[in-house]
Amino acid sequence: MDGLTRAKRDLEDGNVRKARDRLKGLVVTHPHDIEVRGLLAEAYRQDRQWAEAGRWGYLVGPAATEEERSAFEKHCAFGWYTRITKSRLRRLLRVDDLTLIADEAGLELLAELPHKRNPDRSDGPFTAIGRRLAIVRSKLAHR
């Protein structure tokens, strides 16, 4: 019995933690397998970890809902950055080529990626000036 079959059986039996551990190992060994990513998203969904479910189903249309994708973007992908870069997304999704795991909806997400901005962080000229002034003030205060 291979690892994928065992993970499916663990999910059916309600042993989500064991299934997640098996599936994480399978993602490392088979990073382009969309079925493994979808099952890992389902395992996190059963544990009510929406951000992680969105992470593993981010570029695979039916594997994650819009709410899960936005939870992933908010909690993991953006961080304090203003944008999600493809290199950051490759590291978070543990894959070298994002287009190999993306379906049509995922390719659309990748196309609009440069235009997505962090909703929790405003990025305008006044905000940038304020941040720069705070840096200068802290340098002057800690001389």
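Note that the structure is predicted; figures quoted are calculated from it, not measured.
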Asker: If only atom types and distance count, is the side chain of Glu68 paired as donor or acceptor with the main-chain N or O of Thr65 below 3.5 Å?
Answerer: yes
Asker: Set out, in order, the CA-CA distance, both residues' side-chain angles and the distance that settles side-chain contact (heavy atoms from CB on, under 4.5 Å) for Asp10 and Asp21, then state yes or no.
Answerer: CA-CA 10 Å; Asp10 288 337; Asp21 290 342; over 6 Å; no
Asker: With a 6.0 Å cut-off (strictly less than), is the heavy-atom count around CD of Glu112, excluding the residue itself, greater than 12?
Answerer: yes
Asker: To the nearest 0.5 angstrom, please state how far the OH atom of Tyr44 sits from the CD atom of Glu52.
Answerer: 5.0 Å
Asker: Give the minimum heavy-atom separation between Gly57 and Ala64, together with the two atoms involved.
Answerer: O-CB, 3.4 Å
Asker: Heavy atoms only: give me the nearest His32-Ile101 pair and the separation to one decimal.
Answerer: CA-CG2, 3.8 Å
Asker: Treating Arg37 as the side-chain partner and Val60 as the backbone partner, does any N or O pair qualify as donor plus acceptor under 3.5 Å?
Answerer: no
Asker: What I'd like to find out is whether the side chain of Arg55 reaches to under 4.5 Å of the side chain of His75, using heavy atoms alone.
Answerer: no
Asker: Identify the two heavy atoms, one from Phe72 and one from Gly54, that lie closest to each other, and give their separation to 0.1 Å.
Answerer: CB-C, 3.8 Å
Asker: Might you point out which heavy atoms bring Ala19 and Ala7 nearest each other, and give the distance in Å?
Answerer: CB-O, 3.6 Å
Asker: Glu66 and Arg69: salt bridge (Lys or Arg N to Asp or Glu O under 4.0 Å), yes or no, with the steps?
Answerer: CA-CA 5 Å; Glu66 283 303 314; Arg69 283 188 184 92; 3.5 Å; yes
Asker: Check whether any side-chain N or O of Asp33 sits under 3.5 Å from a backbone N or O of Glu35 as a donor-acceptor pair, and report yes or no.
Answerer: yes
Asker: Atom CG in Leu113, atom CD in Glu108: separation rounded to 0.5 Å?
Answerer: 13.0 Å
Asker: Using the rule that two of Ile, Leu, Val, Met, Phe, Trp, Tyr join whenever any of their side-chain heavy atoms come within less than 4.5 Å, decide whether Leu109 and Leu92 are in one cluster.
Answerer: yes
Asker: List the steps, then state whether side-chain contact (heavy atoms from CB on, under 4.5 Å) holds for Lys24 with Val28.
Answerer: CA-CA 7 Å; Lys24 280 190 219 174; Val28 171; 6.0 Å; no
Asker: Report the distance from atom CZ of Arg94 to atom CZ of Arg91, rounding to the nearest 0.5 Å.
Answerer: 11.0 Å
Asker: Could you measure the distance from the CZ atom of Arg6 to the CG atom of Leu23? Nearest 0.5 Å is fine.
Answerer: 12.5 Å
Asker: Would you name the heavy atoms of Pro62 and Asp103 that are closest together and state the gap between them?
Answerer: CD-OD2, 3.7 Å
Asker: Taking side chain to side chain contact (heavy atoms under 4.5 Å, CB included) as the criterion, tell me which of Gln46, Glu42, Arg45 meets it with Val16.
Answerer: Gln46
Asker: Using the rule given for side-chain contact (heavy atoms from CB on, under 4.5 Å), can you reason through Leu89 versus Tyr58, listing the C-alpha separation, both sets of side-chain angles and the distance that settles it, and then say yes or no?
Answerer: CA-CA 10 Å; Leu89 196 58; Tyr58 190 71; 4.0 Å; yes
Asker: Quick check on the hydrophobic clustering: are Leu107 and Leu93 connected, directly or via other members, by side-chain heavy-atom contacts under 4.5 Å?
Answerer: yes
Asker: Dump the intermediate steps for side-chain contact (heavy atoms from CB on, under 4.5 Å) on Val136 and Leu140, then the final yes or no.
Answerer: CA-CA 6 Å; Val136 169; Leu140 291 174; 4.1 Å; yes
Asker: Of the non-hydrogen atoms in Ala71 and Ala51, which two are nearest, and what is the gap between them?
Answerer: O-CB, 3.8 Å
Asker: Whether Asp96 and Arg90 form a salt bridge (side-chain N of Lys/Arg under 4.0 Å from carboxylate O of Asp/Glu) is what I want to check.
Answerer: no
Asker: Does Ile34 belong to the same Ile/Leu/Val/Met/Phe/Trp/Tyr cluster as Val36, with side-chain heavy atoms less than 4.5 Å apart forming each link?
Answerer: no
Asker: Can Arg9 and Glu12 be counted as an ion pair, charged N to O under 4.0 angstrom?
Answerer: no
Asker: Take a 6.0 Å sphere around NZ of Lys18 and say whether it holds more than 12 heavy atoms from other residues, nucleotides or ligands.
Answerer: no
Asker: Taking the side chain as everything from C-beta on, heavy atoms only, tell me whether Trp56 gets closer than 4.5 Å to Leu39.
Answerer: no
